[in-house]
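First up is the structure itself, then whatever we jot down about it.
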Amino acid sequence: MARYLRPTTLEEALALRAQAGETPLALLAGGTDVYPVRTHKSAWFQPFSRDVLDLGAVPELSGIQHDAAGTRIGATATWSAVAESALPPAFDALKQASRQVGGVQIQNRGTIGGNLCNASPAADGVPPLLALDAQVELASLHGRRRLPLADFVLGNRRTALAPDEILVAIHVPAQPEGARSTFLKLGARAYLVISIASVAAVIATDASGLVIAARIAVGACSAAPQRLATLEARLIGQPAGDLAALVEPEELAALAPIDDVRASAAYRRDAALVLVRRALTQLAGKPMEAAA
C-alpha cells in the first residue's frame with residue numbers, strides 16, 4: 001500500500017523526493033486533479049500506485065509577495081488567493097484566469113504550481129504567466145535553478161521538472177509602468193469548462209499612446225501554450241487604438257491546434273484569431289464587437 005508523506009519544511013520534502021529512487025513520488029498540492037489523473041491510461045499518472053508527497057504543509061511554497069523588483073507567487077498559492085491579491089493591472093489577466101479554473105471549490109483548493117506541473121495544453125494559468133514573462137523556481141538537494149515558463153512546460157503533460165525537483169515558486173519580473181492585461185477564454189459554456197482556445201495579452205504604452213511592450217500568449221491551440229512573438233514585435237510603436245486591425249491570420253501560423261471532441265483544428269485557429277483581436281480591442285478601450 002502506498003505511503004502518504006506530509007513534510008513541514010522544504011528541506012524535508014526535498015530529502016523525501018531524493019530518496020524515492022526510480023519511482024518518483026506523486027506530488028500532491030491542492031489535489032483537484034487526483035481523480036482525473038487516476039483515470040488516465042498511463043500507469044505513470046496513477047497517483048495511488050506510488051507514494052504520495054503532500055506539499056500542503058510547507059510554508060515556503062505558499063504566499064504571494066509583490067514589490068518594485070517583481071512578484072513571487074508560491075507554488076501552492078491557490079487560485080482564490082491569486083484572484084484576491086493586491087496586484088497591479090498587469091496581473092488582471094492572471095486574476096481573470098484564476099476565476100475560470102473550475103468552480104469556486106476548485107479555486108479554493110487548486111494551486112498555481114499544480115496547474116503548471118499538470119501541463120495541460122488548455123491550462124488557464126499558463127497563457128497569462130507567459131504574457132507576464134514568468135519564470136519558475138525549481139529546487140532539489142543539489143540547489144535551485146530558474147527557467148522561463150516557456151522552457152518548463154514542454155508539451156502535453158510534459159515539463160522540465162527533474163525527478164528529484166520540486167516547483168517552489170513562480171517569479172514575475174517588474175512590468176512596464178501602466179501595463180494592463182486581459183484574459184479571454186472560449187469554451188462550450190461560460191464556466192466549469194476546458195478551453196477550446198484562450199488568449200492572454202499584456203500591453204504597455206507611452207505618454208503618446210504608442211505601444212512600448214506587447215506580449216500575447218495563446219492556449220489550447222498547441223501542445224503547450226505559446227507566445228506570438230512575431231505579432232508582438234510588429235505591435236511595438238503602433239497606436240494602441242489600432243492594434244486589432246493589424247492582426248492577420250498569418251500571425252498565428254506558429255500554432256498547431258488539433259481536432260478533438262471540443263473543436264476542430266480549423267475552428268480553434270479561427271477562434272484564437274478572434275480572441276486575439278478582441279483582447280487587443282479590450283485593452284484599447286473600444287467596444288468588444290469592433291474586433292469580431
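One-based numbering along the sequence shown.
The structure places CG of L141 at 5.5 Å from CG of L14, a figure rounded to the nearest 0.5 Å. To the nearest 0.5 angstrom, S222 atom OG is 9.0 Å from L252 atom CG. Interatomic distance, CG of L5 versus CD of Q19, reported as 9.5 Å (0.5 Å rounding). In this structure, CD1 on I236 lies 8.0 Å from CD1 on I212, to the nearest 0.5 angstrom. Atoms CD1 and CG, on I166 and L61 in that order, are 7.0 Å from each other to the nearest 0.5 Å. A distance of 11.5 Å separates OG1 in T32 from CD in Q105, rounded to the nearest 0.5 Å.
Ion pairing of D51 with R17 is absent here, as no side-chain N (NZ or NE/NH1/NH2) approaches a carboxylate O to less than 4.0 Å. We find that R269 and E251 are not joined by a salt bridge, their nearest charged nitrogen and carboxylate oxygen being 4.0 Å or further apart. For E232 and R227, the salt-bridge test passes: some basic side-chain N is under 4.0 Å from an acidic carboxylate O. Comment: R180 does not engage D92 in a salt bridge, judged by the lack of any side-chain N to carboxylate O separation of less than 4.0 angstrom.
Two residues are said to be in side-chain contact when any heavy atoms from C-beta on lie closer than 4.5 Å; L210 and P239 meet this criterion. Counting heavy atoms from C-beta outward, T78 and R109 have side chains that stay 4.5 Å or more apart. Side-chain contact between L186 and Y267 is present, with at least one heavy-atom pair separated by less than 4.5 Å. Side-chain contact between P127 and Q226 is absent, with no heavy-atom pair separated by less than 4.5 Å. L129 places a side-chain heavy atom less than 4.5 Å from the side chain of L116. Residues V58 and T76 form no side-chain contact, since every pair of their non-hydrogen atoms from C-beta on lies 4.5 Å or further apart. Using a 4.5 Å heavy-atom threshold, the side chains of L228 and L255 count as touching. Counting only heavy atoms from C-beta outward, the side chains of V101 and I106 approach each other to under 4.5 Å.
When atom types are taken as modelled, the side chain of R50 and the backbone of A2 share no donor-acceptor pair closer than 3.5 angstrom. At distances below 3.5 Å, not a single donor-acceptor pair connects side-chain atoms of T182 with backbone N or O atoms of A93. K185 places a side-chain N or O within donor-acceptor distance of the main-chain N or O of V193, the cut-off being under 3.5 Å. Although no hydrogens or angles enter the test, the distance criterion places a donor-acceptor pair under 3.5 Å between the side chain of S181 and the main chain of P89. D54 places no side-chain N or O within donor-acceptor distance of the main-chain N or O of A57, the cut-off being under 3.5 Å. The backbone N or O of S264 sits nowhere less than 3.5 Å from a side-chain atom of R268 that would complete a donor-acceptor pair. Distance alone, capped at 3.5 Å, is enough to place a donor-acceptor pair between the T9 side chain and the E12 backbone.
Following chains of ILVMFWY side-chain contacts shorter than 4.5 Å, one can reach F91 starting from V136, so the two form part of one hydrophobic cluster. Tracing side-chain contacts under 4.5 Å through hydrophobic residues (I, L, V, M, F, W, Y), one reaches L161 starting from L16; they form part of the same cluster. Criterion: ILVMFWY side-chain heavy atoms under 4.5 Å apart, direct or through other members. Under it, L246 and L283 are part of a common hydrophobic cluster. Side-chain heavy atoms closer than 4.5 Å link hydrophobic residues (I, L, V, M, F, W, Y) into clusters, and following such links, even through other members, never connects L275 to F183. L138 and L154 fall into different hydrophobic clusters, defined by Ile, Leu, Val, Met, Phe, Trp and Tyr side-chain heavy atoms under 4.5 Å apart, directly or through other members.
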From CA spacing to verdict: side chain to side chain donor-acceptor pair (under 3.5 Å), S140, E165
CA-CA 5 Å; S140 72; E165 286 183 321; 5.0 Å; no
Pair V276-L231, side chain to side chain contact (heavy atoms under 4.5 Å, CB included): steps then yes or no:
CA-CA 10 Å; V276 170; L231 174 60; 3.9 Å; yes
Could you check R215 against Q175 for side chain to side chain donor-acceptor pair (under 3.5 Å), going step by step and ending with a plain yes or no?
CA-CA 11 Å; R215 305 189 209 106; Q175 300 296 299; 2.7 Å; yes
Checking N118 against S120 for the side chain to side chain donor-acceptor pair (under 3.5 Å) test, could you report, in this order, the C-alpha distance in whole Å, the side-chain angles of both residues, the deciding distance, and whether it holds?
CA-CA 6 Å; N118 195 43; S120 166; 5.4 Å; no
For D124 and S195, what are the C-alpha separation, side-chain angles and deciding distance, and is it a side chain to side chain donor-acceptor pair (under 3.5 Å)?
CA-CA 8 Å; D124 290 328; S195 296; 2.9 Å; yes
Between T111 and N115, does a side chain to side chain contact (heavy atoms under 4.5 Å, CB included) hold up when you go through it step by step?
CA-CA 6 Å; T111 66; N115 191 252; over 6 Å; no
Intermediate values then yes/no, side chain to side chain contact (heavy atoms under 4.5 Å, CB included), L25 and V52:
CA-CA 6 Å; L25 297 170; V52 175; over 6 Å; no
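Summarising the local packing, CD1 of I194 is surrounded by 12 or fewer heavy atoms from other residues, nucleotides or ligands at distances under 6.0 Å. Shown here is R234, whose CZ atom has more than 12 heavy atoms of other residues, nucleotides or ligands within 6.0 Å.
Every residue meeting the side chain to side chain contact (heavy atoms under 4.5 Å, CB included) condition with A150, not counting sequence neighbours, appears here in chain and number order: L130. The side chain to side chain contact (heavy atoms under 4.5 Å, CB included) search around Q107 returns W79, S80, R99, V104, not counting sequence neighbours. D164 meets the salt bridge (charged side-chain N to carboxylate O under 4.0 Å, His left out) test with no other residue; sequence neighbours excluded.
Across every non-hydrogen atom of V153 and A119, the tightest pair is CG1-CB, 4.3 Å. Closest non-hydrogen pair, L273 versus P249, comes out as CD2-CG, 3.9 Å. Residue C221 comes nearest to A197 through the heavy atom pair SG-CB, 3.8 Å, listed as atom of the first residue, atom of the second, then distance. Heavy atoms only, all atoms of each residue included: A83 and S98 are closest at CB-OG, 3.1 Å. Here the shortest heavy-atom pairing between A13 and L55 reads CB-CD2, 4.1 Å. When all heavy atoms of A217 and A131 are compared, the pair lying nearest together is CB-N, 4.3 Å.
Partner E137 forms a side chain to side chain donor-acceptor pair (under 3.5 Å) with one of R72, R146, R144 and no other, that one being R144. With V172 as reference, L132 is the one residue of L87, L94, L132, D133 to meet the side-chain contact (heavy atoms from CB on, under 4.5 Å) rule.
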